[in-house]
Asker: 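Here it is, the structure in full.
When a residue number appears, it is its place in the shown sequence, counting from 1. Since we're looking at a predicted model, the values are computed, not measured.
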Amino acid sequence: MRPIRLAVVDDSSFVRKALERMLRDENRVEVVGTAVSGEELLANLEDWDPDVITLDLSMPGIGGLVTLDRVMAIRPTPVIILSTHAGKGAPQTIEALHRGAADFIDKQRYSLLDFSALREVLVEKIVAVTRRQEGIEPGRRPKTLPSEAGPPAESRVVEMGEVSPFELLLIGASTGGPPAIERLLGDLGERCPVPVVIVQHMPVGFTRAFAERLNVHLPLEVHEVRDRDVLHSNRVYIAPAGHHVRVTREGGRLIGRLSLEPEDSTHRPSVDELFRSARESLGPRIAAVLLTGMGRDGAEGLAALAGAGAYTVAQQEASCVVYGMPRAAVSLGGAREILPLEEIGPRIRGLFEGLGERAVSS
């Protein structure tokens with residue numbers, strides 16, 4: 001199987017050379033071209049024929065976001081944002097994810113002088129977004145985007161009468177999650193009769209920007225969870241990076257609690273921790289969705305919810321950027337339904353109809 005063809009776009013000659021050196025001995029990845037600007041990438045896009053692109057956002061000329069837009073319009077290709085945009089710059093990275101970037105790496109978290117850590121995470125993401133881990137030969141991406149593909153034969157649904165009334169909607173996602181979450185929440189409409197709690201894997205400094213963007217673009221109110229937040233209907237709560245979120249019931253109210261434990265969790269926040277805590281508090285009165293993402297976080301928690309009688313759904317493979325977390329959940333029997341992204345929001349909205357505009361907590 002041929003190496004994955006990578007194009008590197010960064011206005012820093014040090015970064016371009018560092019990435020080339022970093023990947024020189026990586027037989028799974030071949031750097032086929034480096035560009036100092038978006039204009040240079042676009043001029044060489046067809047000749048380089050990359051399977052994946054790493055893209056800096058702060059560059060002279062048309063800049064990273066416009067470059068991303070043009071790549072997606074001319075030749076849709078997986079793009080990994082490699083930039084320093086934590087804190088005040090995080091909204092630009094979040095915007096890139098919503099415009100079609102598959103994933104991102106915050107350069108502030110790694111030293112370009114210590115290749116091993118950055119190389120490991122970069123190669124892992126390159127392999128994931130090109131679906132090489134699924135045995136798919138990389139190459140030109142299909143003109144039909146995953147979310148536009150029709151439902152495959154494996155999609156399945158359950159009868160409305162087989163599910164319990166709901167008090168809470170839970171969503172877990174990782175790679176490819178931000179636009180998928182926005183699509184799902186947008187499909188719910190202007191009102192939601194239960195609180196929505198979301199874990200999206202992101203580094204510290206990015207989840208607040210993610211919540212703020214959703215709050216601007218959606219009719220539902222969206223913000224990060226604060227410790228001891230009372231969870232209300234018609235509101236969406238994003239787990240803050242660096243903390244687990246657990247849902248408890250106290251005096252008839254649903255409460256969001258933040259915790260650093262367990263510290264050895266692969267992800268913090270963890271989808272599994274959220275799902276397990278909600279199961280302990282609410283049993284079957286939960287709707288839970290596991291969306292696109294790398295790894296298996298959330299798979300065991302979704303299976304436990306399904307075993308308790310909750311309504312559980314996994315995103316169908318063709319509409320995922322990375323079919324890792326949903327695949328793991330399906331393999332454990334954790335998905336009562338397997339649906340393409342564009343069907344998940346309308347399906348949940350249909351299940352919620354008839355619940356009325358009651359608040360779980362007042």
Asker: Looking only at side-chain N and O atoms, does D51 offer a donor or acceptor that is under 3.5 Å from a partner on T130?
Answerer: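 Note: T130 and D51 side chains miss the donor-acceptor criterion.
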Asker: Please identify each residue that fulfils salt bridge (Lys or Arg N to Asp or Glu O under 4.0 Å) with R99, with sequence neighbours left out.
Answerer: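 By the salt bridge (Lys or Arg N to Asp or Glu O under 4.0 Å) rule, R99 matches D69, E95.
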Asker: Between R279 and A304, is there a donor-acceptor pair closer than 3.5 Å when you use the side chain of the first and the backbone of the second?
Answerer: yes
Asker: By the side-chain hydrogen bond (donor to acceptor under 3.5 Å, both in side chains) test, which pairs, at least two apart or in different chains, include something from residues 256-265?
Answerer: D227-R257, R246-S259
Asker: Which residues satisfy the ring-ring contact (aromatic ring centres under 6.0 Å, His included) test with H223, sequence neighbours excluded?
Answerer: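 Testing H223 for ring-ring contact (aromatic ring centres under 6.0 Å, His included), a comparison that skips the adjacent residues, returns Y237.
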Asker: In Å and rounded to the nearest 0.5 Å, what is the OH to CG distance from Y311 to L170?
Answerer: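 Reported to 0.5 Å precision, the distance equals 13.0 Å.
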Asker: Please name all residues satisfying side-chain contact (heavy atoms from CB on, under 4.5 Å) with V36, sequence neighbours left out, ordered by chain then number.
Answerer: D11, R16, E40
Asker: Going through the distances and angles, do H217 and E182 end up as a side chain to side chain donor-acceptor pair (under 3.5 Å)?
Answerer: CA-CA 8 Å; H217 287 81; E182 182 174 6; 4.8 Å; no
Asker: Taking Q200 for the side chain and S174 for the main chain, is one N or O donor matched with an acceptor at less than 3.5 Å?
Answerer: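 Between the backbone of S174 and the side chain of Q200 there is a qualifying donor-acceptor contact (under 3.5 Å).
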Asker: Evaluate E26 against R119 for salt bridge (charged side-chain N to carboxylate O under 4.0 Å, His left out), listing each step before the verdict.
Answerer: CA-CA 9 Å; E26 176 53 63; R119 179 175 58 230; 5.4 Å; no
Asker: Just by distance, no angles: are the side chains of Q315 and Y323 close enough, under 3.5 Å, to form a donor-acceptor pair?
Answerer: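 Side chains of Q315 and Y323: no pair found under 3.5 Å.
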Asker: So, using side-chain contact (heavy atoms from CB on, under 4.5 Å) as the criterion, who are the partners of A96 when residues are at least two apart?
Answerer: L57, L65, L68, I81, A101
Asker: Report the distance from atom SG of C320 to atom CE of M325, rounding to the nearest 0.5 Å.
Answerer: 9.5 Å
Asker: So that I can tick it off, tell me whether R228 and E250 are bridged by a salt bridge, with the cut-off set at under 4.0 angstrom between side-chain N and carboxylate O.
Answerer: yes
Asker: Main chain of I80, side chain of T54: is a donor-acceptor contact present, judged purely on distance under 3.5 Å?
Answerer: no
Asker: Inspect the contact between E342 and R183 and indicate whether a charged nitrogen and a carboxylate oxygen are less than 4.0 angstrom apart.
Answerer: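 Judged by the 4.0 Å cut-off on N to carboxylate O distance, R183 and E342 do not form a salt bridge.
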Asker: Between the side chain of D229 and the main-chain N/O of L231, is any donor-acceptor distance below 3.5 Å?
Answerer: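 No; zero donor-acceptor contacts below 3.5 Å.
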Asker: Does T292 use its side chain to pair, donor to acceptor, with the backbone of V321 at less than 3.5 Å?
Answerer: yes
Asker: Start with the C-alpha gap between E30 and R2, add the side-chain angles, then the distance that decides, and say whether salt bridge (charged side-chain N to carboxylate O under 4.0 Å, His left out) holds.
Answerer: CA-CA 9 Å; E30 175 188 5; R2 69 173 176 81; over 6 Å; no
Asker: By side-chain contact (heavy atoms from CB on, under 4.5 Å), which residues pair with P203, not counting sequence neighbours?
Answerer: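 Testing P203 for side-chain contact (heavy atoms from CB on, under 4.5 Å), a comparison that skips the adjacent residues, returns F104, R109, F206.
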Asker: Can you establish whether the number of heavy atoms outside E120 located under 6.0 Å from its atom CD is more than 12?
Answerer: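 Counting other residues, nucleotides and ligands, CD of E120 stays at 12 neighbours or fewer.
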Asker: Is it true that L305 and L332 fall in one hydrophobic cluster, defined by side-chain heavy atoms closer than 4.5 Å?
Answerer: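 Each belongs to a different hydrophobic cluster.
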Asker: As an exercise, state the distance from CG of L122 to CG of L19, rounded to the nearest 0.5 Å.
Answerer: 6.5 Å
Asker: Roughly how far, to the nearest 0.5 Å, is the CD atom of E167 from the CD1 atom of I286?
Answerer: 8.5 Å
Asker: Can you sort out the partners of D103 under salt bridge (Lys or Arg N to Asp or Glu O under 4.0 Å), two or more places apart, ordered by chain and number?
Answerer: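 Salt bridge (Lys or Arg N to Asp or Glu O under 4.0 Å) list for D103, sorted by chain: K125.
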Asker: Taking only residues two or more places apart in sequence or in another chain, which ones pass salt bridge (Lys or Arg N to Asp or Glu O under 4.0 Å) with E300?
Answerer: R276
Asker: Going by salt bridge (Lys or Arg N to Asp or Glu O under 4.0 Å), name the residues that satisfy it together with E224, two or more places apart in sequence or in a different chain.
Answerer: R208
Asker: Considering residues at least two apart in sequence or located in another chain, which fulfil the ring-ring contact (aromatic ring centres under 6.0 Å, His included) criterion with H267?
Answerer: H201
Asker: Give a yes or no on whether the backbone of V15 and the side-chain of D10 come within a donor-acceptor separation of less than 3.5 Å.
Answerer: no
Asker: Which one of L218, L214, V236, V289 satisfies the side-chain contact (heavy atoms from CB on, under 4.5 Å) criterion with I181?
Answerer: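 Only one of L218, L214, V236, V289 forms a side-chain contact (heavy atoms from CB on, under 4.5 Å) with I181, namely L214.
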Asker: I need the full list of ring pair (Phe, Tyr, Trp, His ring centres under 6.0 Å) pairs touching residues 48-79, with sequence neighbours left out, sorted by first then second residue.
Answerer: none
Asker: To the nearest 0.5 angstrom, please state how far the CZ atom of F275 sits from the CG atom of L290.
Answerer: 5.5 Å
Asker: Please enumerate all residues that pass side-chain contact (heavy atoms from CB on, under 4.5 Å) together with A328, with sequence neighbours excluded.
Answerer: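 side-chain contact (heavy atoms from CB on, under 4.5 Å) check on A328 returns R296, A299.
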